[in-house]
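One is the number of the first residue; the rest follow in order along the sequence.
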Amino acid sequence: MTRKLLSLAILVTLPALTRAQTKTTFNVVGASIAETQAAIREGRTTCRAIVESYLARIKVYDQAPLGPDHLRLNSIVLINPNALSEAEACDRSFAATHKLPPLGGIAVLIKDNYDTAGLQTTGGSLAMKGFAPERDAAMVARLRAAGAIVLAKTNMAEWAFSPYQTASSIAGITRNPYDLTRVPAGSSGGTAAAVAASLGESGLGTDTGNSIRGPSSHNDLVGIRPTIGLTSRAGIIPLFAHNDVGGPMARSVADAAALLTVLAGPDPDDPVMIVASGQFPHPVNIDYTQFLDRHGLKGARIGVFRQYFDTKDTDPEVKAVTEHALKVLQQEGAILVDPFTIPDFEALEKNLWCGDFEADLNAYLAKHPDAPYHDLKSIVASGLYLPYIEEEIKGAVAPPQADDRRSPCSDVYHDPAKIAFRNVLLAAMASQRLDAIVYPTWSNAPRKVGDLTGPAGDNSQVLSPQTGFPAITVPMGFTHGNLPAGLTILAPAFREDKLIRYAYDFEQTVHQRRDPQLFPVLQ
């Protein structure tokens, strides 16, 4: 019988500071990668002091005792006990060379479905408690090789099932730093909330249908879902492997571009990367920061997909900030095709979803013989999951029904339904000579915590995941006073360069990102 686990939470154990906290004149709140590295180079701070600052913020703001006088964001599952020693190694290297690697001194947060060598990796499941992989996921390894310091693992929707909330049996409920009564979306809500509240500099999320872009939008961040095949999925606990992709979540387009530069690249352990490699329009190892063009929107032809926000269910305030964002695009020189329509969209999208969570998870577990469980049926039998995913997780091991998702499912480059949809979308874009498509990431404000039925307005499940195309969300304004809203920009496969150009110009024009007032500088 399934054990009805209520919202569980664990208190993260912070590593003891073995020496007096390093003095620094550098403020980590809202700091960018460039600002952080400049401060290190100029001697205004050290790698260790930066990590100490983030650890102090986590202790006060994320893991404080529950009570009316304390904030408890609950975004962090586990602190890396070696974070300080890694920071000290960064300082020693800089002292010897006077140089920083691409992400030297940058403290990153890793969603809890990425394998991290020697650190617990659970996918949000109590069933995986204590499991510590022997090697890093490919994307984590690339971060470390670029000098990044792995600071902590972040909470997620259990097994990544929910786009709407971030609640797990391993760590409980994560809240939105702009309004603690609201959700941060899911499933990468822990990374999003923590980066927004400056509990780390930037982080990694994964996206099956929404889970990078949705939480980034709800938390006033920039999130990139890369083209499927640009970043490796090797070492990531899957939801539906054919749709899954990992990418950066950051406080600025520049930081997201810097992370993507490091994260993108070939990996023989991810077969879809080999399939996709022949479609690269530019060299694989590319510096995406070169596309930070202050006037990148000039001359761009952009389609407005009003089907996602000209509806009776759209929050009027979200619609208003979207309309303002469209005016900004025009003011910056973009040519809008408004409205842009996709022929037979509703008919085509009905047959797009396919997948087999059980097969995909079992394949992951087969590569990890030290995991506590070796197949999904055993995990379901354990009862170690929250009630809200019961239907999904039991359905994944039940005999197939006529209305279930199609399975087995080919990757996005071989599945006939996805190919047909992609071809229709490309043809529609070509007929209007479009460079990109825009729409609000969510058509509604973040839900209240515990609300699983109110209007959600998730616009991320179809256009990007079902084509493999990349999409970026960038802050476009606030609704209802302090609730963030994001604008999604989508482009054809491997045109992240266009997304970064357009998003950077928009970001630098509107300046809509701001730090949450509930999490100020520590005194």
Just so I know, are the side chains of F240 and C409 near enough to count as touching, which here means a heavy-atom distance under 4.5 Å?
no
Side chains of T311 and T314: is there a donor and an acceptor less than 3.5 Å apart?
yes
Taking side-chain hydrogen bond (donor to acceptor under 3.5 Å, both in side chains) as the definition, give me every residue that meets it alongside N459, ordered by chain and number, with sequence neighbours left out.
S443
D255: which residues meet the salt bridge (Lys or Arg N to Asp or Glu O under 4.0 Å) condition with it, sequence neighbours left out?
none
Salt bridge (charged side-chain N to carboxylate O under 4.0 Å, His left out): which pairs involve residues 333-349, sequence neighbours left out?
R306-D338
T174 side chain to T166 side chain, donor-acceptor N/O pair below 3.5 angstrom
no
Consider only side-chain N and O atoms of K111 and T191, and report whether a donor and an acceptor are under 3.5 Å apart.
no
Got more than 12 heavy atoms from elsewhere within 6.0 Å of CZ, R294?
yes
Measure from the side-chain N and O atoms of S217 to the backbone N and O of R213, and report whether any donor-acceptor pair falls under 3.5 Å.
no
Strictly below 4.0 Å, N to O, side chains only: are R225 and E496 in salt-bridge contact?
no
Is it true that D179 and R182 have a side-chain N and a carboxylate O under 4.0 angstrom from each other?
yes
Considering only heavy atoms from C-beta outward, does the side chain of I110 approach that of L143 to under 4.5 Å?
yes
Just by distance, do the side chain of Y385 and the backbone of I379 share a donor-acceptor pair under 3.5 Å?
no
Between D293 (side chain only) and D505 (backbone N and O only), is there a donor and an acceptor less than 3.5 Å apart?
no
Any sub-3.5 Å donor-acceptor pair from T227's side-chain atoms to L230's backbone N or O?
no
Check for a donor-acceptor pair, side chain of R301 on one end and backbone N or O of V337 on the other, with a separation under 3.5 Å.
no
Using the test side-chain contact (heavy atoms from CB on, under 4.5 Å), find all partners of A485 that sit at least two apart in sequence or belong to another chain.
V321, M476, T479
Test side-chain contact (heavy atoms from CB on, under 4.5 Å) applied to A185 - qualifying residues, sequence neighbours left out
P215, H218, W442
So, the side chain of Y388 versus the backbone of A167: is there a donor-acceptor pair under 3.5 Å, distance only?
yes
Pick out which of L361, V380, N362 makes a side chain to side chain contact (heavy atoms under 4.5 Å, CB included) with D375.
N362
Is any side-chain heavy atom of P465 less than 4.5 Å from a side-chain heavy atom of T208?
no
Donor-acceptor pair, side chain of Q165 and main chain of V449, under 3.5 angstrom
no
Those residues that, when tested against D267, pass salt bridge (Lys or Arg N to Asp or Glu O under 4.0 Å) (two or more places apart)
none
Between D244 and R233, is there a salt bridge with N-O shorter than 4.0 Å?
no
Quick check on H324: does its NE2 atom have over 12 non-hydrogen neighbours (other residues, nucleotides or ligands) under 6.0 Å away?
no
With a cut-off of 6.0 Å (strictly less than), are more than 12 heavy atoms of other residues, nucleotides or ligands near CD of E391?
no
Is it true that the side chains of T121 and D115 contain a donor and an acceptor less than 3.5 Å apart?
no
Looking at the rings of F305 and F345, which for Trp means the six-membered one, are their centres under 6.0 Å apart?
yes
Nearest 0.5 angstrom please: N113 CG to T206 OG1, how far?
4.0 Å
